[in-house]
Amino acid sequence: KKYVVVTGGVLSGIGKGILSASIARVMKECGVEVNTLKIDPYLNIDAGTMNPNQHGEVFVTEDGYEADLDLGHYERFLGKDMRRENNMTAGQIFKTIIDKEREGSFLGATVQMVPHVTEEIKGRIRRIPGELIMIEIGGTVGDIEGEIFLEAIRELWVEEGSENFLFVHVTYVPYLRVTSEFKTKPTQQSVQLLRRIGIQPQMIAVRSEEPVEENELRKIALFGGVEREMVFNLPDSKNVYDVPSIVYSYGIHRKIATRLNLEIEERFEWDY
Ligand code: ADP
């Protein structure tokens with residue numbers, strides 16, 4: 001099984017969900033059996049009780065699970081019905097652990113974040129069917145809530161083999177109007193945060209308001225420890241439904257297939 005893990009840096013709401021769903025769609029069009037997992041590090045069990053002003057629509061899956069709007073993105077982009085197993089929250093994980101502890105399932109062990117919580121997370125990820133699993137980790141690298149999920153995925157990467165993993169880091173490059181320049185420092189620092197917990201991304205997706213110049217992209221590649229051809233710039237699109245075509249035109253699917261040793265057909269039809 002292969003995994004593409006999408007993390008976010010610098011700030012939230014930069015389009016990780018849209019990009020993950022777009023990559024998933026392109027890979028599906030190329031003949032790969034794709035499944036998705038959105039990890040929400042919040043402590044709610046699901047989005048059903050959350051204020052829609054903060055979290056957008058509550059998206060109800062066909063098996064009755066109340067997820068947040070990202071699962072809606074995945075369903076619409078991928079053309080595949082989402083289910084309970086496509087979303088994981090910290091609330092679900094901790095509830096399971098505490099219920100198990102009360103049942104005595106840990107047989108007297110001291111229940112800990114590592115290994116008990118991480119094993120629970122890894123077990124759930126492993127049970128997701130599919131040839132390629134797109135995992136999107138909600139929030140931003142450096143958030144306390146997200147740490148345990150990143151640790152679990154780092155362990156999974158060690159256990160399943162690095163050849164089966166591709167880490168995509170989505171960042172934001174701001175433009176300073178007064179000095180007329182793009183700023184890559186926040187991106188560099190967010191990659192450093194990832195590395196500090198043992199994860200080196202192989203691909204960096206740079207979101208920005210306007211197209212970022214070649215010089216800046218080269219700098220991001222150099223300081224991020226990523227090949228230049230694995231750094232992609234995604235300036236704001238007029239329509240988010242254009243993003244899958246942009247992903248395809250950049251050849252992101254080919255880079256992913258090569259890295260993960262996946263056989264793909266060059267084919268993409270996207271008519272929304
Ligand atoms: P995240 O998953 O990082 O929180 P989302 O994917 O939910 O971000 O996107 C946040 C917002 O940004 C959404 O309203 C979405 O429509 C918009 N957005 C995402 N990607 C793009 C893009 N490439 N161009 C323009 N708008 C985008």
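Order of listing sets the numbers, starting from 1, for every ligand and every atom in it.
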Query - Asn87 and Asp46: side chain donor to acceptor below 3.5 Å - result: no
Report summary line: In Glu29, Arg267, Glu266, the residue satisfying side chain to side chain donor-acceptor pair (under 3.5 Å) with Tyr248 is Glu266
Query raised in the report: With sequence neighbours excluded, what pairs up with Asp40 under the salt bridge (Lys or Arg N to Asp or Glu O under 4.0 Å) test?
Result: Lys38
Query raised in the report: Got a sec, which hydrophobics cluster with Phe59, joining ILVMFWY side chains under 4.5 Å apart, including via others?
Result: Leu71, Tyr74, Leu78, Met82
**Report entry** Lys1/Glu131 ion pair, N-O < 4.0 Å
**Finding:** no
N/O pairs closer than 3.5 Å, ligand 1 and protein:
{"residue": "ligand 1", "atom": "2 (O)", "partner": "Gly17", "partner atom": "N", "Å": "2.9"}
{"residue": "ligand 1", "atom": "2 (O)", "partner": "Glu136", "partner atom": "OE2", "Å": "3.3"}
{"residue": "ligand 1", "atom": "3 (O)", "partner": "Ile14", "partner atom": "N", "Å": "3.2"}
{"residue": "ligand 1", "atom": "3 (O)", "partner": "Gly15", "partner atom": "N", "Å": "3.0"}
{"residue": "ligand 1", "atom": "3 (O)", "partner": "Lys16", "partner atom": "N", "Å": "2.9"}
{"residue": "ligand 1", "atom": "4 (O)", "partner": "Gly13", "partner atom": "N", "Å": "3.3"}
{"residue": "ligand 1", "atom": "6 (O)", "partner": "Gly17", "partner atom": "N", "Å": "3.1"}
{"residue": "ligand 1", "atom": "6 (O)", "partner": "Ile18", "partner atom": "N", "Å": "2.9"}
{"residue": "ligand 1", "atom": "8 (O)", "partner": "Gly15", "partner atom": "N", "Å": "3.0"}
{"residue": "ligand 1", "atom": "24 (N)", "partner": "Ser237", "partner atom": "N", "Å": "2.8"}

**Report entry** Summary of side chain to side chain donor-acceptor pair (under 3.5 Å) pairs that have at least one residue in residues 167-181, sequence neighbours excluded
**Finding:** Thr7-His169, His169-Ser190, Thr171-Thr187, Thr179-Glu181, Glu181-Lys183
